[in-house]
Every structure is written in structure tokens, then in C-alpha cells.
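Below you'll find the structure, written out as C-alpha cells, and then a few comments.
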Amino acid sequence: PSLPPSPPSLPPSPPALPLPPSLPPLAPCPLGDVCTTGPCLITDGGSCATSPDFPNDYPVNEGCTLYGLPPVGLDVIAFDVEGDEDPSDYDGDGDFRNDCPDHLTVNGVKYCGTLGPAGVVPSDGTMTWVSDGSETFPGWKVCWAAQPPSLPPSPPSLPPSPPPPSPPPPSPPSLPPAQPPKVPVCAACEWDYTALGSPCCDTAWTTYSLNCKTLQDSYGWDCAGCSCPGDPSPPQSPPSPPQSPQPP
């Protein structure tokens, strides 16, 4: 019997796009630093890196290698590059599942689209970026040190403080202390022994049998207020007559 006709031949594969230029060899990097070749940028005090011109679209046909990365999980802050939308073997390695026109490579794995290497530890301390000659996107930002959280919004400002209270009115001037009433000491007497505790009138009576009345009337001394022995007792008022009883 005759053989069945051969199946139609498959259409030829589309021509492969040109590969990006090869990257230059890595230069020595100081211990503890992260270095880069090409136009990628080291930011945030040496703890992050971005694609060229981030957050604007990156240029075409460029690449860089970051090296000296510490062995810690990567923190992907932003990632938006051209994804794999071509079903053919774009990079010609025989595996169409890893074709990313623009990609960031860590530990031999290519990351493109919006899927970045979050949490991946770069075992060889390197990370490589490549862009082809077609579309461009905003790019990526990857860090290898914990980023501080954004600060919370500031609390609303407090209302202004009330004015301080007015000072109390000044106190009235203090009055001078009350003076005790003066006690007459017969200061006009010639023999004044008050300082020794013997008033002059008493001395005049006990020494010369002169009372205050005589000293004032006969000698012009001022013994007002003195109560001396020998002074006549003040006359007593006569008793009031008894009141007659009132008739009922």
C-alpha cells in the first residue's frame, strides 16, 4: 500500500534578536562595599541598587553587574521590567521557559516582569542586569539591608497654650506694728529712779513724805498717772437712796 502523505513542514523560526553586549570584567571591590559595573546605581548609603534612570524607564541595550553583595536575603522595593511574552527560545539556550528579554539574574535565575528576587540570598555575591533593544520599563530597586519603616504622620498640632494668669495685685503696704500704750512714769520728777524699779513718786513719798498732789501743786512737777502712797483716795459718791416701792 502507498504511504500517507508527509505532514506539512513547520514554518521557519523567527530570527533571533541580537543579544546585548557582553559585560566588562569585574574590578576589585573594597572589602565591605558593594560595587557595580555599567550604569546601575548604588543608593541609600550603599545598601540598595537601582536600574539606570530609576524610577524612569531604563535605557535599551545596557547591562551591569553588582558584586560584593552580603549573604543576606534581598529586599525588592520595586520591580517592573519587560517580561517573557515570546513562546520561542529567545536566548537560544534550549529552554524557552527562562526567556526574559530584560532580566535581573541572581544565582543563575533570571527575574523579569514584576517578579523580583525577594528573599533570595546571592550565594556568589553578584547580581546582573541586562536590557535588550526593544521595550523599556520603570525598572527595579533592590536592597540588601533592612529599610526603616516609613514614619507615621505627625500628630495634629496642639492648641496654643492659654496665657499665663495675671499676677496678683500688689499687697498693701504693711502697717507699722501697734505701739503699746505709754505708761506714765513721772518723767518730770527730779528724783527719777524708774530704771531701778522705784518710781519717783514712791521715792518722794518714802524719802520726803511728799505725795503726787503736793509735788504737782507746790513744785510744778508732772506726775500725771502715778499712783503713789500718800495720795488721797478719790472721794466716793454717796450711796443712792432706796427706791420707794411702786403701788400695784
Side-chain angles (χ1 to χ4, degrees), residues 8-29 33-150:
S9 60
L10 297 175
S13 300
L17 297 177
L19 295 177
S22 59
L23 300 177
L26 301 179
C29 186
D33 290 347
V34 175
C35 300
T36 180
T37 64
C40 294
L41 303 175
I42 305 292
T43 65
D44 296 79
S47 62
C48 298
T50 70
S51 54
D53 298 336
F54 179 85
N56 300 315
D57 289 1
Y58 49 80
V60 297
N61 294 325
E62 285 194 339
C64 66
T65 296
L66 296 147
Y67 57 104
L69 294 169
V72 296
L74 297 175
D75 184 11
V76 176
I77 307 301
F79 203 89
D80 185 9
V81 305
E82 184 182 4
D84 181 14
E85 299 177 356
D86 192 337
S88 63
D89 186 11
Y90 176 79
D91 56 8
D93 65 353
D95 186 356
F96 64 89
R97 294 171 299 178
N98 66 350
D99 294 329
C100 288
D102 302 338
H103 53 269
L104 189 65
T105 302
V106 183
N107 297 340
V109 178
K110 299 176 183 178
Y111 296 89
C112 62
T114 56
L115 179 63
V120 176
V121 178
S123 58
D124 60 355
T126 65
M127 185 167 61
T128 301
W129 163 248
V130 172
S131 66
D132 68 359
S134 57
E135 299 181 75
T136 62
F137 289 77
W140 49 269
K141 178 177 182 180
V142 176
C143 299
W144 44 89
Q147 298 300 295
S150 58

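Owing to the predicted nature of the structure, the values given are computational and were not obtained by experimental measurement.
- Considering every non-hydrogen atom in both Val34 and Gly46, the closest pair reads CG2-O, 4.5 Å.
- Considering only heavy atoms from C-beta on, Val60 stays 4.5 Å or farther from Ser134 through its side chain.
- Across all their heavy atoms, Ala78 and Phe54 have their closest contact at CB-CZ, 3.8 Å.
- Annotation: side chain of Cys64 is in contact with side chain of Pro39 (closest heavy-atom distance under 4.5 Å).
- Summarising the geometry of Gly139 relative to Val81, their closest heavy-atom pair is CA-CG1, 4.0 Å, with the distance given to 0.1 Å.
- With sequence neighbours excluded, the residues satisfying side-chain hydrogen bond (donor to acceptor under 3.5 Å, both in side chains) with Ser123 are Asn107.
- Checked against side-chain hydrogen bond (donor to acceptor under 3.5 Å, both in side chains), Asn56 has no partners two or more places apart in sequence or in another chain.
- Within the 3.5 Å criterion, the main-chain N or O of Cys143 finds no donor-acceptor partner in the side chain of Asp75.
- Distance check, rounded to the nearest 0.5 Å: SG of Cys48 to CD1 of Ile42 gives 9.0 Å.
- Atoms NE2 and CG, on His103 and Asp132 in that order, are 9.5 Å from each other to the nearest 0.5 Å.
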CA sep, side-chain torsions, deciding dist, call: Met127, Leu104, side-chain contact (heavy atoms from CB on, under 4.5 Å): CA-CA 7 Å; Met127 185 167 61; Leu104 189 65; 3.6 Å; yes
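- The CG atom of Leu115 sits 12.0 Å away from atom CG of Asp80, with the distance rounded to the nearest 0.5 Å.
- Screening Trp129, Trp140, Tyr58 for a side chain to side chain donor-acceptor pair (under 3.5 Å) involving Asp102 leaves a single residue, Tyr58.
- Remark: the backbone N or O of Leu41 is not paired with any side-chain donor or acceptor of Thr36 at under 3.5 angstrom.
- In this view, Thr126 and Asp124 satisfy the side-chain hydrogen bond (donor to acceptor under 3.5 Å, both in side chains) rule, not counting sequence neighbours.
- Under the rule for a ring-ring contact (aromatic ring centres under 6.0 Å, His included), Tyr111 has no partner lying at least two apart in sequence or in another chain.
- For the pair Pro59/Asp53, a side-chain contact is recorded, criterion being any heavy-atom separation below 4.5 Å from C-beta on.
- In this structure, Thr105 and Val130 have side chains that are not in contact, with every pair of non-hydrogen atoms separated by 4.5 Å or more.
- Across all their heavy atoms, Cys112 and Gly83 have their closest contact at SG-CA, 4.0 Å.
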Enumerate, atom names and distances included, each donor-acceptor pair closer than 3.5 Å involving a side-chain atom of residues 66-73, sequence neighbours excluded.
{"residue": "Tyr67", "atom": "OH", "partner": "Ala27", "partner atom": "N", "Å": "3.3"}
{"residue": "Tyr67", "atom": "OH", "partner": "Ala27", "partner atom": "O", "Å": "2.6"}

